[in-house]
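All values below were derived from every heavy atom in this structure, side-chain atoms included, with hydrogens, water molecules and symmetry-related copies excluded. It should be emphasised that the depicted structure is a prediction, and the values quoted were computed from it without experimental measurement. When a ligand or atom number is given, it counts from 1 through the structure's own listing order.
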Amino acid sequence: MTSGSNETSNRKDEHLDVCLKNDVSSGVSAGWDSIRLPHCALPDADCNQVDLSTEFLSQKLRAPFLISSMTGGSPRGEDLNRMLARLADEKQIAMGVGSQRVALESRNSKLFQLRKVAPKAVLWANIGAVQLNCGVSADDCAWMVDQLGASALILHANPLQEAIQKEGDRDFRGLWTKVATLKKNLSVPVILKETGCGLDEASCRRAIEAGVDALDSAGLGGTHWGFVEGLRHSERAPLGEIFRNWGIPSVESLKNCVRVSAGRVPTIASGGLRSGLDVARAVWLGATLGGMALPFLEAASQGEKSLAQFYDLQEEALRIAVFCSGHRNLREFRNHS
Ligand SMILES: Cc1cc2nc3c(=O)[nH]c(=O)nc-3n(C[C@H](O)[C@H](O)[C@H](O)COP(=O)(O)O)c2cc1C
């Protein structure tokens with residue numbers, strides 16, 4: 001590995017430690033608790049037969065769950081990724097890997113090799129959008145997609161994280177033009193995602209104009225990346241504290257995506273989703289999928305069995321929410337009027 005890729009790889013492990021050992025949530029509610037789904041006293045449905053299957057970017061999933069992008073690129077991150085990818089494969093849900101920058105910097109084709117353990121999983125590649133200002137090209141993105149055997153590329157937008165991170169990339173000028181060019185030159189769909197500060201309406205609009213195929217709202221109320229970066233370096237900690245509540249709460253961010261896209265592109269809801277009931281609330285508001293990061297990480301850090309138990313519980317919670325609100329499948333539930 002080059003010294004740049006070593007630094008990136010160490011940073012990724014520090015992120016895992018900081019997130020697992022601290023309360024890294026913002027002080028603002030994501031808003032999921034305020035969404036009350038209607039109760040139906042006598043549903044015309046069999047709870048055991050509720051069909052949670054859905055389609056996203058032409059791919060079939062057994063349930064509308066996404067393991068949100070987190071890790072990879074260090075031995076520990078690679079282990080976690082293999083565990084998460086096995087779950088995605090077995091449960092037929094989607095998974096985004098963490099930033100592949102370390103693999104790109106070192107051109108290490110041994111990293112992010114998940115197909116051996118997850119031959120059929122829906123996997124998505126990931127890189128920071130600002131990296132397009134740091135020399136990452138469409139060919140580089142195609143290489144990452146290829147390495148992973150991914151069916152889409154996630155570009156993450158994280159201005160607050162980069163601004164607070166000691167070694168962050170701070171020049172975000174001209175990125176929309178670069179996203180549009182990348183989109184024209186890449187053969188797989190591109191998803192634009194925040195990392196916990198949410199998507200504003202103007203950014204949703206510009207993303208769609210740039211040709212982006214899906215939005216991930218990643219709003220405020222869950223893991224807060226400004227705060228996480230503050231915890232990594234004591235001299236940046238005061239900034240992390242000052243900005244701990246910065247961002248657009250998740251429900252508001254999801255509504256921005258749904259309103260602006262008006263059905264043209266699908267939306268993933270994320271940021272502070274903590275249960276299958278939260279995923280149901282997000283789908284009720286118009287999301288196609290619900291993504292969780294930290295809850296999957298916490299479960300995976302307890303081992304493979306805990307991870308599977310965590311997922312089964314959340315799938316069951318979603319099934320119960322669909323049933324108890326009087327629906328037989330996710331399509332009916334989503335299209336309630
Ligand atoms: C340990 C960890 C590492 C993360 N790394 C990335 C990353 O590399 N790329 C990315 O797009 N998002 C990354 N995220 C952000 C998550 O995908 C997600 O947007 C954010 O944590 C909010 O979701 P949550 O409240 O469910 O954790 C990371 C999250 C965690 C917990």
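- The protein atom (non-hydrogen) at minimum distance from atom 27 (O) of ligand 1 is Thr223 OG1, 2.5 Å.
- Scanning all protein heavy atoms for the shortest distance to atom 3 (C) of ligand 1 gives Met70 O, 3.1 Å.
- Annotation: His15 is in aromatic contact with Trp225 [ring centroid separation under 6.0 Å].
- Every atom of ligand 1 with a heavy atom of Arg274 under 4.0 Å away is listed here by number and element: 24 (P), 25 (O), 26 (O), 27 (O).
- The Lys193 neighbourhood of ligand 1 comprises atoms 10 (C), 11 (O), 12 (N), 15 (C), 16 (C), 17 (O), 18 (C), 19 (O), with distances under 4.0 Å to a heavy atom of that residue.
- Using 4.0 Å as the threshold, Trp225 has a heavy atom nearer than that to some atom of ligand 1.
- Atom 8 (O) of ligand 1 has Ser99 N, 2.8 Å as its closest protein atom, hydrogens excluded (heavy atom only).
- Under the side-chain hydrogen bond (donor to acceptor under 3.5 Å, both in side chains) criterion, Thr71 pairs with no residue, sequence neighbours left out.
- We find that Lys91 and Glu315 are not joined by a salt bridge, their nearest charged nitrogen and carboxylate oxygen being 4.0 Å or further apart.
- Electrostatic pairing of Arg232 and Glu167 counts as a salt bridge here, judged by a charged N lying under 4.0 Å from a carboxylate O.
- In summary, Glu209 and Arg205 do not engage in a salt bridge, as defined by a charged side-chain N under 4.0 Å from a carboxylate O.
- Here Leu294 has heavy atoms under 4.0 Å from ligand 1 in both its backbone and its side chain.
- Of the N and O atoms on the side chains of Gln59 and Ser151, at least one donor lies less than 3.5 Å from an acceptor on the other residue.
- Close contacts of ligand 1 with Gly222, meaning ligand atoms under 4.0 Å from a residue heavy atom, involve 25 (O).
- Considering both main-chain and side-chain atoms, Ala293 comes within under 3.5 Å of ligand 1 through a nitrogen or oxygen pair.
- Of the inter-residue distances, the one linking Phe112 atom CZ with Glu78 atom CD reads 5.5 Å to the nearest 0.5 angstrom.
- Taking every non-hydrogen atom of Met292 and a distance limit under 4.0 Å, the qualifying atoms of ligand 1 come out as 26 (O).
- Not a single heavy atom of Ser270 sits under 4.0 Å from any atom of ligand 1.
- Summary of contacts: the protein heavy atom closest to atom 6 (C) of ligand 1 is Ser69 O, 3.5 Å.
- The shortest separation from a heavy atom of Asn126 to ligand 1 is under 4.0 Å, placing the residue in contact.
- Under 4.0 angstrom from ligand 1, the non-hydrogen atoms of His156 all belong to its side chain.
- Ionic pairing of Arg319 and Glu316 is present here: one or more N-O contacts between side-chain nitrogen and carboxylate oxygen are shorter than 4.0 angstrom.
- In this structure, Thr195 has a heavy atom closer than 4.0 Å to ligand 1.
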Would you be so kind as to tabulate the donor-acceptor pairs closer than 3.5 Å made by side chains of residues 27-36, with sequence neighbours excluded?
| unit_1 | atom_1 | unit_2 | atom_2 | d |
| --- | --- | --- | --- | --- |
| Ser29 | OG | Gly31 | N | 3.0 |
| Trp32 | NE1 | Gly271 | O | 3.1 |
| Ser34 | OG | Gly31 | O | 2.6 |

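- Salt bridge Arg236/Glu229: absent, no basic N to carboxylate O contact under 4.0 Å.
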